[in-house]
Amino acid sequence: MSNFKRTLITSALPYANGPVHIGHLAGVYVPADIFARYLRLKGEEVLFIGGSDEHGVPITLKAKKEGTTPQAIVDKYHGMIKDSFEKFGISFDVYSRTSSKIHHETASEIFKTLYDKGEFVEQTSGQFYDEEAGQFLADRYVTGTCPKCGFEKAYGDQCESCGTSLNATDLINPKSVLSGNVPVMKETKHWYLPLDKYEPWLKEWILEDHKEWKPNVYGQCKSWIDGGLNPRAVTRDLDWGVPVPIEGAEGKVLYVWFDAPIGYISATKELTPDWKKYWKDPETRLLHFIGKDNIVFHCIIFPSILKAEGSYNLPDNVPANEFLNLEGDKISTSRNWAVWLHEYLEEFPGKEDVLKYTLTANAPETKDNDFTWKDFQARNNSELVAILGNFVNRVLVLTNKYYEGVVPVAGKLELRDEEALATLIQLKSEIEKALDTFHFREALRLTMEMARLGNKYLADMEPWIVVKTNPERVKTVMYICLQITANLTIAFEPFLPFTMNKLRSFLNLGKLQWSELGRRDLLKAGHRVNTPELLFEKIEDDAIQRQVDKLLATKKSNELEQATVAPAKPHIEYDDFAKMDIRTGTIVAAEKVAKTMKLLKLTINTGIDQRTVVSGIAEHYEPEQIVGQRVSILVNLAPKNLKGIDSQGMILMAESKEGKLVFVEPSEAINDGAEIK
RNA sequence: GGCGAGGUAGCUCAGUUGGUUAGAGCGCAUGAUUCAUAAUCAUGAGGUCGCGGGAUCAUGCCCCGCCCUCGCUACCA
């Protein structure tokens with residue numbers, strides 16, 4: 001750990017199809033920023049890298065939907081993201097983007113190197129192709145009828161109605177999103193990274209050599225590695241991205257997951273000609289700050305790429321966080337369930353640090369956590385205002401009152417003074433230990449202890465009483481208080497940079513180094529401090545209520561949207577309907593299908609016979625409670641083998657908008673086998 | 001179903017290689033205090049450490065089984 005000379009910190013590249021929200025901040029940018037600021041404060045050589053991830057299919061789709069170009073989309077969001085990071089005070093040394101020229105060059109080069117070294121496997125497969133548009137169709141570029149729920153506008157990768165994940169080839173009546181035409185199946189060649197080849201090495205490198213990684217990270221890597229790794233396509237047929245730099249690969253680009261992490265390298269190149277020092281010198285420590293959704297890319301795939309390339313450093317640690325929820329629900333960009341950074345900055349001007357504080361104090365370090373506005377308010381009012389702001393204010397008010405703002409000369413220190421100063425040094429080493437091991441929540445808590453220490457010292461010393469009898473003693477007390485306050489400007493600097501700027505201006509003090517934390521002479525006797533303003537202000541209920549109302553409104557509009565019923569399918573002829581033989585029936589036996597989550601094996605009396613049907617309803621019904629249940633059954637559906645069982649027919653279920661399945665049964669008792677027509 | 005991560009005070013979390021009465025902050029109650037944004041300081045109440053077995057002189061921590069939450073994965077005629 002100590003044999004590194006410098007540190008390169010990367011933070012996950014936000015995807016440029018939407019703005020940044022508190023989930024991104026809590027998971028990645030706030031901890032990365034704290035760490036970067038901490039190392040800088042220690043005088044270490046450090047680079048903090050960020051940038052927008054601008055390739056991939058979702059961006060092309062969004063462009064299509066909005067009738068504009070992918071470039072216009074990424075320009076818009078890149079600008080927005082970059083701007084809000086800057087205002088929020090995420091201290092990137094460079095914030096780049098993957099649509100830049102330098103990135104295209106870098107990504108191409110790395111691809112080319114691996115290609116030339118024979119690290120890829122070539123494979124040809126069939127994929128949908130739009131003849132009119134003259135291009136292959138990514139899964140999301142194909143729509144059609146979902147084979148499961150019959151939803152007409154299912155995408156090739158996922159049905160948005162029932163949530164099933166699909167392959168484009170599963171769709172009934174597939175259609176190209178581009179032209180609306182029926183796509184044809186065509187052969188296409190792609191390059192794959194044979195991850196299976198790296199399995200033994202990954203086992204050694206992660207499972208043996210990096211046992212110190214966070215449990216959630218280590219565990220997930222282990223899960224992936226033990227599950228067996230498969231070759232992964234590094235290219236795809238698309239016209240938005242980094243073109244595949246070899247002959248015969250026209251119309252193909254690098255898969256976004258391949259080019260995105262290379263963005264860290266290009267950003268470094270953009271920043272400094274000396275970039276190799278940061279990426280190739282083994283004395284540089286590489287750290288990836290990411291969210292848990294990115295663990296496999298940063299721990300397995302990207303290191304495999306770098307390893308295959310051969311000349312790059314591998315990450316020393318990947319301190320991934322879990323997810324932050326918002327008021328009990330998952331944050332979702334598409335459902336607008338989020339606190340957007342750019343909106344926060346407008347609605348809470350000057351309170352950047354308050355959000356940083358809350359997100360750090362409540363960071364999802366070991367498990368998913370919940371952000372609530374009520375907690376936000378409490379953290380501000382009872383910690384930032386009451387503990388930190390209040391202490392600073394008390395000290396400066398007293399200093400102004402007793403000494404017209406001039407730091408007094410201390411007399412001989414008493415035991416209690418020495419103790420207070422010693423605690424400061426003790427806390428310093430504890431904070432260091434927490435930060436060095438990425439325990440930011442703990443580090444912040446310990447830092448707050450310093451302010452608590454100050455409050456307690458003041459309360460114990462009671463200078464406002466002693467001043468009447470022993471004004472000399474009060475000079476010492478206030479001197480100590482002022483030193484504690486000055487120390488706060490160092491300790492809090494990584495967490496609350498704007499606020500510490502303000503505090504330094506109150507104290508008339510320049511920026512100090514971490515090594516000076518713990519000193520008892522940061523403010524010399526005779527030094528003049530200013531009259532303070534408030535460091536933090538209380539957040540009143542109405543401000544919080546406005547935010548809660550805003551979320552409630554979002555919830556309401558989401559519900560309305562959900563309540564809309566799927567539109568009717570196109571007309572069919574009576575004959576089409578008549579082909580289906582639907583009967584009444586009764587469930588006579590039911591059992592769970594072993595090793596599945598959703599499947600029940602049902603024995604149905606159809607009137608015609610007793611037969612077995614496998615049905616995906618196990619999440620909705622216990623086997624014992626549905627014996628005797630009347631059902632509607634499609635009896636002439638072609639049999640299908642599911643998990644080793646022949647399923648002969650299909651039970652008709654009605655699905656509610658919440659996704660609940662209920663049986664469709666006759667309204668009166670009727671014999672099994674009655675035709676439904 | 002498989003794999004991974006979690007399940008500790010009302011809330012958010014610590015609990016190091018198993019070892020004395022299980023900790024912190026917020027919230028709550030009581031008291032002290034007034035320099036301070038009714039802020040601060042002290043004291044206290046509050047926990048069958050998810051459930052059930054087991055190994056041990058001893059377990060929140062080890063072993064086995066089960067339940068719940070989150071993620072990945074298989075499956076949904």
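Residue numbers begin at 1 in each chain, while the letters A, B, ... track the order of the sequences.
Listed candidates were B:rA74, B:rU12, B:rA5. Nearest to the side chain of A:Asn216 is B:rA5. Nearest to the side chain of A:Ser382, among B:rA36, B:rG27, B:rG71, sits B:rG27. Distances from the side chain of A:Trp464 to the nucleotides B:rG71, B:rC35, B:rG27 place B:rC35 closest. Out of B:rC26, B:rC75, B:rG6, the shortest distance to the side chain of A:Ala378 is found at B:rC26. Minimum atom distance to the side chain of A:Val397 is reached by B:rC35, of the listed B:rU40, B:rG25, B:rC35. Of all nucleotides listed (B:rA36, B:rA24, B:rU40), B:rA36 comes nearest to the side chain of A:Asn393. In the set B:rC35, B:rC3, B:rC41, the nucleotide with an atom closest to the side chain of A:Ser223 is B:rC3. Taking every side-chain heavy atom of A:Ala386 into account, B:rU40 is the closest of B:rU40, B:rC35, B:rU37. Comparing B:rC76, B:rU40, B:rC70 against the side chain of A:Arg394 picks out B:rU40 as the nearest. For A:Pro215, counting side-chain heavy atoms from C-beta on, the closest listed nucleotide (B:rA77, B:rA24, B:rG6) is B:rG6.
Each of A:Ala451 and A:Leu384 lies near RNA chain B, and the nucleotide nearest A:Leu384 is the one positioned closer to the 5' end. Both A:Glu537 and A:Ser615 sit near RNA chain B, but only A:Glu537 has its closest nucleotide nearer the 5' end.
The interatomic distance linking A:Phe440 (CZ) with B:rA14 (P) rounds to 15 Å, in whole Å. Between A:Lys367 atom NZ and B:rC68 atom C1' the separation is 13 Å, expressed in whole Å. We find that CG of A:Asn362 is positioned 17 Å from P of B:rG25, with the value rounded to whole Å. Protein atom NE2 of A:His439 is 16 Å distant from nucleotide atom C1' of B:rU12, rounded to whole Å.
For the pair A:Glu419 and A:Arg416, the salt-bridge criterion is not met [side-chain N within less than 4.0 Å of a carboxylate O]. A salt bridge does not link A:Glu322 to A:Lys367: none of the charged nitrogens lies less than 4.0 Å from a carboxylate oxygen. Using a 4.0 Å cut-off between a side-chain N of Lys or Arg and a carboxylate O of Asp or Glu, A:Asp368 and A:Lys292 qualify as a salt bridge. Salt bridge A:Glu537/A:Lys351: present, at least one basic N to carboxylate O contact under 4.0 Å.
Between B:rC26 and A:Arg452, a contact under 4.0 Å exists linking OP1 or OP2 to a side-chain N or O. In terms of phosphate contacts, A:Lys456 brings a side-chain nitrogen or oxygen within less than 4.0 Å of OP1 or OP2 of B:rA42. An OP1 or OP2 oxygen of B:rA39 is reached within less than 4.0 angstrom by a side-chain nitrogen or oxygen of A:Lys538.
Residue A:Thr366 is in sugar-phosphate contact alone, with no base atom involved, counting any heavy-atom pair closer than 4.0 Å across all strands shown. Note on A:Phe536: a base of the nucleic acid sits closer than 4.0 angstrom, heavy atoms only.
In the model, A:Lys214 has no side-chain atom that pairs as donor or acceptor with a side-chain atom of A:Asn317 under 3.5 Å. A donor-acceptor contact closer than 3.5 angstrom links the side chains of A:Thr606 and A:Asp609.
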